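As the structure is a computational prediction, the values presented were derived from the model and not from experiment. Note that these values count all heavy atoms, side chains included, but never hydrogens, waters or copies made by symmetry.
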Amino acid sequence: IDFSTNLIEMTKYNYINKISEIKTQINTWSRRSLTAFGRITIIKSLLVSKLNYLFLSLPDPPEYMMTEINRLFYNFVWKGKPDKVSRKQLIMPYSEGGAKMINIYLHAKSLKISWIRRLLNGSIDNCLKLLLNNFLPVTLPFNPCFGNWYVNQQALSVKNSFWKDVFKAYYHLLTMYCKRKACQLLWNNEFIKVNNSPVYYKKWYDKGVRFVNDLLDGNGNFLSYNDFQIKYHIRTNFIQYYGLRESIKVSLVKGEPLYSIDQPLRPDIVSLICRFKKGCSHIYTALLTECNCEQKSLIKWRQNFEIEDKKWRKYCLVAFKCSSEIDLRWFQYKLLNRFLYTNDILYKMKIIDNVKCSFCQSNPETIVHLFCECKSILILWSQLEDWILRKNDFVVKFTKENILFGFQGAQNNALNCIMIKVKQMIYNSRQQSRSPSFSKLKSSLVDYYKQEKYIAETSGNINKFDKKWFYFRHFVN
């Protein structure tokens, strides 16, 4: 880091230098033929790593710089072309139809939040504590038993811009993360208000009343006024008690059942942040849970198939479980997200004049038709069924749904590999304007089998290979 007497100017200067380095790296890697998966790996391993120390040690850069970094990353992923998948979906895990693209904004926040872990664990050395006393006179020792309103007030009162960003990031996480309602903090919490304001009853706090759970009996029901007074030896009026209780019911619980939790208890947010001594990937994952988005491709697939959310998540993982080959994974990903270009899409884009199938020339060429309905392709699937039966004494029946999305279960990983390879060959034949040949298909599948076996032997994974291909072990005989 290059230092300056002006913290804001120092932040800008350091980020400008790193953005320049990122541009140079992107220009170098753009010359290589990589899938979007490969480019995302480059971003996460080589490009974001240039920014990690700055995110961890300096205030957040201005918004226009974060926007520029984000723009550079997505331009690199899609080779300067328009996004094929929404950015909200691309950052999600594979099971949600995403590609594990990094959300640079949440990544920066997760690194900032890791400083809260240092405050909670007392892992800050004496020199840094001296600085903290200058910048955070109110917040040391930091109180994790107060809610998000308290954290927001700390962010507003802190003068140092770095710690202001730390508390803003923590406020964001505290606002959206609470696994168990009973673990919700009572005091200075924006979700629990009396007369439209967060509350803090010091006498209650001193007696150990800190969570919603402290107001519950063993069955998850709220304590009566008398039981509450007896349990905590607190002298209070029933209006104050029932006012807080009703506020919890209306604004927090909203009719959902509550479950009492055995003591001792600590906030879910503290358990999350302190789960590991180092790293912030678990914090990033928690932040990512609020980014759920509706998958447009799934909505369109449901026009043809009955696909529940649970089944869809399994379909999204098929390619990643059955093969480590990036090309196969990327092909299946394009198919699932419906940006595998067929004539109906190209016709709507006014690139071609004929919407008919490239093989049968009788129906519009949609994804479903190309792989599942075309007469020429149906013959190919039938020949594949017969070949598998002859070679392996294994009966397979291909339907539209399992052709497109695969078979479920680890025992079908080899079969799913075969199917994705066949679909890839069909699409390549379409691109080359030639009819697919079953003899070439067999040759391609045998070559793939031999190649995967060779890789397994050289890497010492032959047992894993044999288990995967057990039902197809006579494939090359």
Side-chain angles (χ1 to χ4, degrees), residues 15 18-51 61 63-108 284 288 291-301 315-317 319-320 323-352 366-367 370 420 423-424 427-428 430-431:
Y15 276 101
K18 291 301 178 182
I19 290 173
S20 178
E21 292 179 18
I22 287 172
K23 288 179 179 178
T24 301
Q25 285 272 35
I26 286 176
N27 289 334
T28 300
W29 285 97
S30 294
R31 301 187 185 99
R32 302 200 177 193
S33 179
L34 300 170
T35 65
F37 288 150
R39 289 168 181 261
I40 289 172
T41 301
I42 296 299
I43 289 171
K44 293 164 72 174
S45 59
L46 298 181
L47 304 185
V48 173
S49 60
K50 293 181 176 295
L51 300 169
E63 182 63 27
Y64 72 88
M65 284 190 177
M66 291 293 283
T67 303
E68 173 66 8
I69 292 169
N70 208 41
R71 185 191 67 80
L72 288 171
F73 287 169
Y74 279 97
N75 277 353
F76 177 58
V77 170
W78 299 115
K79 303 178 182 179
K81 299 177 182 178
D83 295 1
K84 306 297 188 299
V85 180
S86 71
R87 295 184 179 183
K88 287 185 178 180
Q89 181 178 334
L90 202 69
I91 63 174
M92 300 306 292
Y94 297 138
S95 60
E96 301 294 331
K100 291 187 178 180
M101 173 60 179
I102 194 164
N103 184 319
I104 195 65
Y105 299 96
L106 297 185
H107 179 66
Y284 174 83
L288 197 62
C291 298
N292 290 334
C293 67
E294 195 173 35
Q295 298 180 45
K296 294 181 180 179
S297 59
L298 177 56
I299 295 172
K300 292 183 178 179
W301 283 123
Y315 284 155
C316 289
L317 290 173
F320 299 95
S323 176
S324 59
E325 187 175 323
I326 296 298
D327 285 342
L328 290 186
R329 290 180 172 185
W330 180 236
F331 179 84
Q332 184 67 10
Y333 186 83
K334 290 194 293 183
L335 189 151
L336 290 177
N337 286 280
R338 301 179 72 95
F339 62 96
L340 198 65
Y341 294 116
T342 52
N343 286 346
D344 70 321
I345 298 176
L346 297 175
Y347 180 78
K348 291 174 183 177
M349 296 169 66
K350 299 183 179 180
I351 295 177
I352 61 173
T366 63
I367 292 178
L370 178 63
I420 298 174
K423 287 183 289 186
Q424 190 180 45
Y427 189 76
N428 289 341
R430 176 207 167 277
Q431 296 291 85

Practice task
Keeping the roles fixed (side chain from Ser49, backbone from Ser45), state whether a donor-acceptor pair exists under 3.5 Å.
Solution key: yes
Handout entry: Trp29-Phe73 aromatic ring centre distance below 6.0 Å
Key = no
Handout entry: Side chain Asn70, main chain Met66, donor-acceptor under 3.5 Å
Key = no
Sequence neighbours left out, cut at 3.5 Å: what donor-acceptor pairs do the side chains of residues 83-92 make with other protein atoms?
residue	atom	partner	partner atom	Å
Asp83	OD2	Arg87	NE	2.7
Lys84	NZ	Pro82	O	3.2
Ser86	OG	Gln89	N	3.3
Gln89	NE2	Gly97	O	2.8
Gln89	NE2	Asn337	OD1	2.6

Problem - Reported CD-to-CG distance for the pair Gln332 and Leu317, which is rounded to 0.5 angstrom - result: 11.5 Å
Practice task
Mind checking the NZ-NZ spacing from Lys348 to Lys350? Nearest 0.5 Å is all I need.
Solution key: 13.5 Å
Handout entry: Side-chain donor/acceptor of Tyr284 to backbone N/O of Asn103, under 3.5 Å
Key = yes
Practice task
Mind telling me whether Phe37 and Trp330 have parallel, tilted or perpendicular rings, with 30° and 60° as the class edges?
Solution key: perpendicular
Practice task
Nearest 0.5 Å please: distance from the OG1 atom of Thr366 over to the NZ atom of Lys300.
Solution key: 12.0 Å
Problem - From CD1 (Ile102) to CG (Leu47), nearest 0.5 Å - result: 10.5 Å
Practice task
Enter the distance from Leu298:CG to Tyr315:OH here, rounded to the nearest 0.5 Å.
Solution key: 11.5 Å
Handout entry: Residues, nucleotides or ligands: over 12 heavy atoms within 6.0 Å of Gln431 CD
Key = yes
Problem - Contact summary for Leu336 and Cys316, nearest pair of heavy atoms - result: CD1-CA, 3.9 Å
Practice task
Count the heavy atoms belonging to other residues, nucleotides or ligands that lie under 6.0 Å from CZ of Phe320, then report whether that count exceeds 12.
Solution key: yes
Completion exercise
In short, salt bridge (charged side-chain N to carboxylate O under 4.0 Å, His left out) pairs touching residues 26-39 with sequence neighbours left out are none
Practice task
Please report the closest heavy-atom contact between Lys50 and Leu46, naming both atoms and the distance.
Solution key: CG-O, 3.6 Å
Practice task
Indicate yes or no: at least one non-hydrogen side-chain atom of Phe331 is less than 4.5 angstrom from one of Leu340.
Solution key: yes
Exercise for the section: Could you pull out the closest heavy-atom pair between Glu96 and Gln295, with the gap in Å? Expected result: O-NE2, 2.6 Å
Handout entry: With sequence neighbours excluded, residues passing side chain to side chain contact (heavy atoms under 4.5 Å, CB included) with Ile351
Key = Leu346, Met349
Practice task
Would you confirm whether Lys423, through its side chain, and Leu335, through its main-chain N or O, come within 3.5 Å as a donor-acceptor pair?
Solution key: no
Fill in the blank from the handout: Value for CD (Glu21) from CD1 (Ile26), rounded to nearest 0.5 Å, stands at 12.0 Å
Practice task
Apply the test side chain to side chain contact (heavy atoms under 4.5 Å, CB included) to residues Tyr15 and Leu51: give CA-CA distance (whole Å), side-chain angles for both, the deciding distance (0.1 Å), then the verdict.
Solution key: CA-CA 8 Å; Tyr15 276 101; Leu51 300 169; 4.2 Å; yes
Practice task
Report yes if some heavy atom in the side chain of Tyr105 is under 4.5 Å from a heavy atom in the side chain of Thr67; otherwise report no.
Solution key: yes
Problem - Heavy-atom pair of closest approach, residues Trp301 and Ile367 - result: CH2-CG2, 3.9 Å
Exercise for the section: Over all heavy atoms of both residues, which pair between Glu68 and Ile19 is shortest? Give the atoms and the distance, please. Expected result: CG-CG2, 4.5 Å
Practice task
Work out which heavy atom in Arg430 is nearest to a heavy atom in Asn343; give both atom names and the distance.
Solution key: NH2-OD1, 2.8 Å
